[in-house]
Amino acid sequence: MPDEPVTFLSDDESWKLLSSAALGRLVTSIAGEPEIFPVNYVVQDRTVLFRTAEGAKLFLAVTNSPVAFEADDHNAVEGWSVIVKGHAQVLRTDAEILKAEQAQLRPWVATLKLHYVRVIPSEITGRRFLFGPEPDRAETFA
């Protein structure tokens with residue numbers, strides 16, 4: 001319903017919103033500890049594509065760890081959040097890299113990001129939020 005404070009989104013709506021943003025967070029675990037990495041990204045064929053340099057993000061992708069990816073946006077009236085769960089895969093073949101290069105994904109930070117990583121989804125969930133005042137407790141629990 002349009003006036004509900006939280007609306008669950010369809011897969012199509014979630015992918016559309018995810019495609020509209022450029023900054024998200026890769027979430028994974030290293031030695032049982034949660035790790036979050038901000039990355040700029042694009043959506044390509046219902047996957048999340050980002051570039052990275054050598055380091056922890058690449059290591060996690062090489063080990064094909066389960067990952068989550070989250071992006072969101074908001075204004076004064078409403079907001080949204082989309083979460084993709086799946087696994088990360090480093091692109092290795094010429095065909096995979098050529099396809100990724102067609103996405104025109106450029107690093108934001110002036111560093112070399114030689115590796116493309118694709119998050120292959122097993123699940124996507126999205127929510128839209130309508131902002132407003134907190135409901136009156138007396139009316140809510142009456």
Should [X] and [Y] be counted in the same cluster of Ile, Leu, Val, Met, Phe, Trp and Tyr side chains packed under 4.5 Å apart?
X: Val82; Y: Trp15; value: yes
X: Tyr41; Y: Val27; value: no
X: Leu17; Y: Val48; value: yes

* Supply the atom-to-atom distance Asp11 CG to Ile124 CD1, rounded to the nearest 0.5 angstrom. => 6.0 Å
* Asked: Can you tell me how far CG of Leu91 sits from CG of Leu98, rounded to the nearest 0.5 angstrom?
  -> 11.5 Å
* Structure fact -> Looking only at heavy atoms, the pair that brings Phe37 and Thr28 closest together is CE1-CG2, 4.1 Å
* **Closest contact, heavy atoms only, Leu105 versus Leu49** => CD2-O, 3.4 Å
Any residue meeting side chain to side chain contact (heavy atoms under 4.5 Å, CB included) with [X], in chain and number order, not counting sequence neighbours:
X: Ser19; answer: Val43
X: Ile120; answer: Thr47, His87, Gln89, Arg118
X: Ala53; answer: none

Who pairs with [X] by side-chain hydrogen bond (donor to acceptor under 3.5 Å, both in side chains), at least two apart in sequence or on another chain?
X: Asn40; result: none
X: Glu101; result: none
X: Ser122; result: none
X: Asp94; result: none

Would you mind writing out the side-chain donor-acceptor pairs for residues 127-134 within the sub-3.5 Å range, not counting sequence neighbours?
none

* Asked: Taking the side chain as C-beta and beyond, is there a heavy-atom pair between Val119 and Phe50 under 4.5 Å?
  -> yes
* Asked: Are side-chain heavy atoms of Val67 and Leu26 found at a separation under 4.5 Å?
  -> yes
* To do: State which residues pass salt bridge (Lys or Arg N to Asp or Glu O under 4.0 Å) with Lys85; sequence neighbours excluded, sorted by chain then number.
  => none
Extract all donor-acceptor atom pairs below 3.5 Å that involve side chains of residues 68-77 and protein atoms in other chains or at least two apart in sequence.
| residue | atom | partner | partner atom | Å |
| --- | --- | --- | --- | --- |
| Glu70 | OE1 | Arg25 | NE | 3.0 |
| Glu70 | OE1 | Arg25 | NH2 | 2.5 |
| Glu70 | OE2 | Ser81 | OG | 2.9 |
| Asp72 | OD2 | Arg25 | NH2 | 2.5 |
| Asn75 | OD1 | Val77 | N | 2.8 |
| Asn75 | OD1 | Glu78 | N | 2.8 |

* Asked: So, Glu4 and Thr7: side-chain donor and acceptor under 3.5 Å apart, yes or no?
  -> no
* Main-chain N/O of Glu96 paired with Tyr116 side-chain donor or acceptor, under 3.5 Å -> no
* Pairs touching residues 102-114 that satisfy side chain to side chain donor-acceptor pair (under 3.5 Å), sequence neighbours left out -> Gln104-Arg106, Thr111-Lys113
* **All pairs passing salt bridge (charged side-chain N to carboxylate O under 4.0 Å, His left out) where residues 36-52 contributes a residue, at least two apart** => Asp12-Arg46, Asp45-Lys99
